[in-house]
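Here the structure comes first, spelled out in structure tokens, and everything after it is commentary.
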Amino acid sequence: MTEQRPPLPPFTRETAIQKVRAAEDGWNGQNPEKVALAYTPDTIWRNRSEFPVGREQVVDFLTRKWKRELDYRLIKELWTFEDTRIAVRFAYEWHNGDGQWFRSYGNENWEFAPNGLMHRRFASINDLAIAESDRKFHWTSGPRPLDHPGLSDLGL
């Protein structure tokens, strides 16, 4: 049986927004094995200076990431879309083992297979050290509540 992850391309504005929110919710769940299932088995990534290929390497990457980036909270926003591609901007807040908080800003370019699984993901990310009092992402772990503001609403 062929894996499918609706909505499927080609995307409309509405289905692209659904795809972005589903990705945000998945990453906020911080379950590497579950997140990896949203990608093709032969997925190709560029994330900062790492280049994972395939689900196994994605799981390894995400496991390391969330051991280092504690109390991770992510918000994604649709930037643009066309046919099988979606571009997003995002920000996430986290702290390291020493308690220093960061807000990481970035852009991602995604390309999907016909079955709705993401085949290619290219991310560019910058980290900004912030004071804990400057945090803007306040919810318990897991998906962002529907009533929590998005990036544009927060002025980010």
Donor-acceptor pair, distance only, cut-off 3.5 Å: does the side chain of [X] make one with the backbone of [Y]?
{"X": "Glu77", "Y": "Ser152", "result": "yes"}
{"X": "Arg55", "Y": "Ala36", "result": "yes"}
{"X": "Lys76", "Y": "Arg21", "result": "no"}
{"X": "Gln4", "Y": "Asn115", "result": "no"}

Yes or no on side-chain contact (heavy atoms from CB on, under 4.5 Å) for Trp45 and Glu108, after CA distance, side-chain angles and deciding distance? CA-CA 10 Å; Trp45 285 25; Glu108 292 176 335; over 6 Å; no
So do the side chains of [X] and [Y] get within less than 4.5 Å of each other, counting heavy atoms only?
{"X": "Arg5", "Y": "Leu37", "result": "yes"}
{"X": "Tyr72", "Y": "Gln30", "result": "yes"}
{"X": "Phe102", "Y": "His95", "result": "no"}
{"X": "Leu128", "Y": "Ile130", "result": "yes"}
{"X": "Tyr39", "Y": "Trp110", "result": "no"}
{"X": "Asp127", "Y": "Arg48", "result": "yes"}
{"X": "Val20", "Y": "Trp79", "result": "no"}
{"X": "Arg46", "Y": "Arg120", "result": "no"}

Kindly indicate, with the supporting measurements, whether the criterion side-chain contact (heavy atoms from CB on, under 4.5 Å) is fulfilled by Phe137 and Ile75. CA-CA 8 Å; Phe137 301 178; Ile75 299 177; 3.6 Å; yes
Report whether [X] and [Y] are members of the same hydrophobic cluster (ILVMFWY, side-chain heavy atoms less than 4.5 Å apart, transitive linking).
{"X": "Phe51", "Y": "Met118", "result": "no"}
{"X": "Leu151", "Y": "Tyr105", "result": "yes"}
{"X": "Leu156", "Y": "Ile17", "result": "no"}

Which pair of heavy atoms, one from [X] and one from [Y], lies closest together, and at what distance?
{"X": "Pro9", "Y": "Ala113", "value": "CG-O, 3.4 Å"}
{"X": "Arg73", "Y": "Ser141", "value": "NH2-N, 3.2 Å"}
{"X": "Lys136", "Y": "Leu154", "value": "NZ-O, 3.9 Å"}
{"X": "Ser104", "Y": "Ile125", "value": "CB-CG2, 3.9 Å"}
{"X": "Leu78", "Y": "Val88", "value": "CA-CG1, 4.3 Å"}
{"X": "Glu3", "Y": "Pro41", "value": "OE2-CG, 4.1 Å"}

After noting the C-alpha distance and the side-chain angles of Tyr92 and Glu69, does the key distance pass the side-chain contact (heavy atoms from CB on, under 4.5 Å) rule? CA-CA 10 Å; Tyr92 62 92; Glu69 297 177 355; 3.2 Å; yes
Distance-only donor-acceptor check, side chains [X] and [Y], under 3.5 Å:
{"X": "Asn28", "Y": "Arg144", "answer": "no"}
{"X": "Ser124", "Y": "Asn107", "answer": "no"}
{"X": "Thr43", "Y": "His119", "answer": "no"}

Distance (rounded to the nearest 0.5 Å) between Asp71 CG and Thr140 OG1: 11.0 Å
Rounded to the nearest 0.5 Å, how far apart are CG of Leu62 and CG of Asn31?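 Rounded to the nearest 0.5 Å, the CG-CG separation comes to 9.5 Å.
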One thing to verify: whether [Y] and [X] come together as a salt bridge, which I'm taking to mean a side-chain N less than 4.0 angstrom from a carboxylate O.
{"X": "Glu50", "Y": "Arg64", "value": "yes"}
{"X": "Arg103", "Y": "Glu93", "value": "yes"}
{"X": "Glu82", "Y": "Arg85", "value": "no"}

Lys65 to Trp94, cation-pi by 6.0 Å centre distance and 45° axis angle: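 The answer is no, since Lys65 fails at least one limit relative to Trp94.
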Let me see the working for Ile86 and Thr80 under side-chain contact (heavy atoms from CB on, under 4.5 Å), right down to the final yes or no. CA-CA 6 Å; Ile86 295 175; Thr80 192; over 6 Å; no
For Gln100, does the CD atom have more than 12 heavy-atom neighbours from other residues, nucleotides or ligands under 6.0 Å away? yes
Are there more than 12 heavy atoms of other residues, nucleotides or ligands under 6.0 Å from atom CH2 of Trp101?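 Yes, CH2 of Trp101 has more than 12 neighbouring heavy atoms, counting only those of other groups under 6.0 Å.
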is_close_aromatic(Phe11, Phe112), centroid dist under 6.0 Å: yes
